[in-house]
Amino acid sequence: MIAFVSGTIAALAPDTAVVEVGGVGMALQCTPDTLAKLRLGEAAKLHTSLVVREDSLTLYGFADDDERQVFELLQTASGVGPRLAQAMLAVHTPDALRRAVASNDEKALIAVPGIGKKGAQKLLLELKDRLGAPTGVAAALAPAAQGWRDQLHTALVGLGYAPREADEAVSAVAPEAEAAEGTPQVGQLLKAALQTLNRAR
């Protein structure tokens, strides 16, 4: 079992980070929020979960151990594989998922691509006693202090886009961010921004 990977960020893509460890590049599947915190050429430590299949070995990377634990707990629910678990964490923080499950918030789970009404109801039942209570609001409030615009701009530049391109992409997703209830999810905005940049190229 690989518990974490520590090394230099050698490459970044919309869903993958390559970490150089002892001369070997290890590809880790990551959520947009995790990727937004990484910078090319800088040292990083990512907590990991190794998913073994007959035809593949896939390493998933996380910014902290709480996110990794929730990723693994989500997969104990029937019908949830690593891809869906990662999609859930791309849309919601671990604490947001805990709050959704604790308050039977179907809409929060339906917001995840691949989860319908029936699937959400089943997940709420299965995860009720597994995820535990939210750990607090401090972590949820921290990103708001920096502002989603700054976070998104920094993430796009970290992925290799020019500052001008990043500015245009931030402006393009601003209506979506301002329409969101509460603090905008930078991970979702990063996906939308990458789509606008891909269309422009």
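- Scanning both residues, Leu12 and Leu35, for their nearest heavy atoms gives CD2-CD2, 3.9 Å.
- No side-chain donor-acceptor contact under 3.5 Å links Thr31 and Gln86.
- Across Ala77 and Leu123, no two heavy atoms sit closer than the pair CB-CD2, 3.7 Å.
- Here Gln121 contributes atom CD and Ile110 contributes atom CD1; the two are 7.5 Å apart, rounded to the nearest 0.5 Å.
- Atom-to-atom distance recorded for Ile9:CD1 and Leu38:CG is 4.5 Å, nearest 0.5 angstrom.
- Between Arg39 and Lys37, the shortest heavy-atom distance links the atoms NH1-C, 3.8 Å.
- A distance of 8.0 Å separates CG in Asp105 from CG in Leu124, rounded to the nearest 0.5 Å.
- In plain terms, the two heavy atoms of Leu197 and Glu165 that are nearest each other are CD2-O, 3.7 Å.
- Put simply, the side chain of Gln188 does not reach to within 4.5 Å of the side chain of Pro32, judged on heavy atoms.
- Contact check on Asp66 versus Arg98 returns a salt bridge, with a Lys/Arg side-chain nitrogen under 4.0 Å from an Asp/Glu carboxylate oxygen.
- Looking only at side-chain heavy atoms (C-beta outward), Tyr161 and Glu168 stay at 4.5 Å or farther from each other.
- Atom CD of residue Gln69 and atom OG of residue Ser49 lie 10.5 Å apart, to the nearest 0.5 angstrom.
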List the atom pairs, donor and acceptor, that lie under 3.5 Å between side-chain atoms in residues 13-27 and the rest of the protein, sequence neighbours left out.
none

